[in-house]
Amino acid sequence: MSPSKQNLAAPRGMRDFYPDEMLRRSFVFDAWTRASRRFGFEQYDACVVETLELLKRKGGEEIVQQIYAFADKSGRELALRPEMTPTLARMIAARHGELAFPVKWFTIAQCFRYERMTKGRRREHYQWNLDIVGEPALTAEVEVLAAAADAMGMMGLTASDVRIRVNHRALLGELLARSGIPADQHPSVFLALDKRDKVDDLTPFLTQAGLDQSAIASVNRLLEVESLDDAAQLLGEDSAAVHALNELFERLSRYDLSSMIQFDISVIRGLGYYTGIVFEAYDTARTGRAIFGGGRYDNLLTEIGGKPTTAVGLGFGDVVIADLLEEKNLFDGCSPSRDVTVGYMTDSERDAAVEVACALRKAGQSVDLATHTEKPKQFFSRADKKGFREAAYIGPDDVAAGSCRLKTMADGEERVMPLIGKSEVSSQK
RNA sequence: GCGGGUGUAGCUCAGUUGGUUAGAGCGUCAGGUUGUGAUCCUGAAAGUCGCGGGUUCGAGUCCCGUCACUCGCCCCA
């Protein structure tokens, strides 16, 4: 059967990275890695395949349907990880006794989820995970947020491009309790609040959630909470959540991040396992999906069987950020960084070309050596298209003269390089 | 799971009320130019018109089905 176009495409939702796409991916990965290192995080990695049990335990049954699960030849139930946090929790728990807490770890993890594809969402993606485990103090949230902001800064994004929205789960709980809404109705109300940007009137959702009219009125009042001061007025000064958020904003101002961070009562995030401060970053126009999200999850390690350990973490995917960087032309600087290509006219010049390539490589340059003879026109045309900074074309005349010329593609300037001496490579640029 | 849009060359797309040999631009390759790229000129290769069926003298075009891609909804990293 001859291959059809269908068979040549990657499976649905899976991604190939051709060289030009790889450049952009590396641009993002580099920013993540540099920010992680700059903030003192250690890199780790783990297997892509986990036991289904580990993944189920954390996410509950709903998420299981989105997991790429399979049985191996011994019948073990395994799965491609849909996220990194259970793996992190497993690794921490496995060596809990020997780790010096707090632990600051980062990874760029390939994750899989079987779900309907839409803009900004694929079945496979890479996610930067940044976690501080074993630190109950607010410093953990502050450093994680600052590192994320630093990474975005390295990608060229500023406070006019992105906004990090912060909330506190306890704050919402306190506000709802203050409004007389019993705790068992909170999850439904969270769901409804999460839709505030998508629907005009929340009343039908809240009614469905079992709230009576006065409770609905209370929720609608909550929606008018636009600032932390508004919340503080409702809750009073003794609110721990208000205090924590104020403290967070105060501390982030020391990092010069005030213009990028704002309070937003509608940030809910993973209803089940976040326990404290939660945050999400969006483009300022708020047209796309969340760029990253995270928060404090103090119970997760206990849930997988580890000792009680506090944690703050974030997940920052590569798909949404790539869309944003593309839209803002911030990938423009991405180009292959190859310095020189060396070509030759006939096989008689091949040895001289090898000599030139070796000398330049020894001098630390990235050098492409032609794999076969080329006519000058072919060679320079290729050198131009592939974006080499310099090109050296060696023919019989050069070998006879004992030197060759390195041509700077941008301006046509040439510099001479000796052929036989092979010791001196005139300093570049 | 639900709904919309789109499938024609490697890419982006045109293709008239159904009509004879399916086009353009870009890209690729070659030549003009056997020692010098970008511009220019000439030429070439490249198509199961997503797939299957139907209507018709005749289907890229109309109908039915199907698959794929894509954008929303739901949900979520």
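Owing to the predicted nature of the structure, the values given are computational and were not obtained by experimental measurement.
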Considering only atom [atom1], compute the distance from [N] to [M] and round it to an integer number of Å.
| N | M | atom1 | value |
| --- | --- | --- | --- |
| B:U61 | B:U16 | C1' | 10 Å |
| B:U70 | B:G35 | P | 50 Å |
| B:G10 | B:G4 | C1' | 29 Å |
| B:A24 | B:U8 | C1' | 13 Å |
| B:A9 | B:G50 | C1' | 15 Å |
| B:G32 | B:C69 | P | 46 Å |

Distance in angstrom units between [X] [atom1] and [N] [atom2], rounded:
| X | N | atom1 | atom2 | value |
| --- | --- | --- | --- | --- |
| A:M84 | B:A77 | CE | C1' | 13 Å |
| A:R12 | B:G50 | CZ | P | 19 Å |
| A:D20 | B:G10 | CG | P | 18 Å |
| A:E83 | B:C75 | CD | P | 19 Å |
| A:R289 | B:C73 | CZ | C1' | 11 Å |

Protein proximity profile, nucleotides 26-37 of chain B - base contact B, sugar-phosphate-only contact S, no contact -, cut-off 4.0 Å on heavy atoms: --SSSSB--BBB
Heavy-atom neighbours of A:E77 CD exceed 12 at 6.0 Å: no
Touch class at under 4.0 angstrom, heavy-atom based, for A:R123 against every strand present: nothing
Nearest heavy-atom neighbours spanning A:A137 and A:R296: O-NH2, 3.1 Å
Minimum heavy-atom distance between A:V399 and A:A352, given as atom pair plus value: CG2-CB, 4.0 Å
Audit row: A:F29, A:Y126, ring pair (Phe, Tyr, Trp, His ring centres under 6.0 Å) steps and yes/no: CA-CA 9 Å; A:F29 281 24; A:Y126 288 89; 5.3 Å; yes
Under-4.0 Å salt bridge between [X] and [Y]:
| X | Y | result |
| --- | --- | --- |
| A:D72 | A:R76 | yes |
| A:R113 | A:E83 | no |
| A:E390 | A:R415 | yes |
| A:E21 | A:R25 | no |

Pairs meeting criterion ring-ring contact (aromatic ring centres under 6.0 Å, His included) with involvement of residues 302-339 of chain A, two or more places apart: A:F27-A:F331, A:W32-A:F316, A:W128-A:F316, A:F292-A:F316
Members of residues 124-134 of chain A that approach RNA chain B, where some heavy atom sits under 4.0 Å away: A:H125, A:Q127
Contact list for residues 308-328 of chain A, test side-chain hydrogen bond (donor to acceptor under 3.5 Å, both in side chains), sequence neighbours left out: A:R15-A:D318, A:R24-A:E326, A:H96-A:T309, A:D161-A:K328
Non-hydrogen side-chain atoms of A:D131 and A:Y297 separated by less than 4.5 Å: yes
Consecutive Watson-Crick or G-U pairs in runs of at least 3, all under 3.5 Å, in which RNA chain B is involved: B:1-7 with B:67-73, B:10-13 with B:23-26, B:28-32 with B:40-44, B:50-54 with B:62-66
Mind listing the side-chain donor-acceptor pairs of residues 370-377 of chain A below 3.5 Å, one per line with the distance, residues two or more places apart or on another chain?
unit_1 : atom_1 : unit_2 : atom_2 : d
A:E374 : OE1    : A:R382 : NH2    : 3.0
A:E374 : OE2    : A:R382 : NE     : 2.7

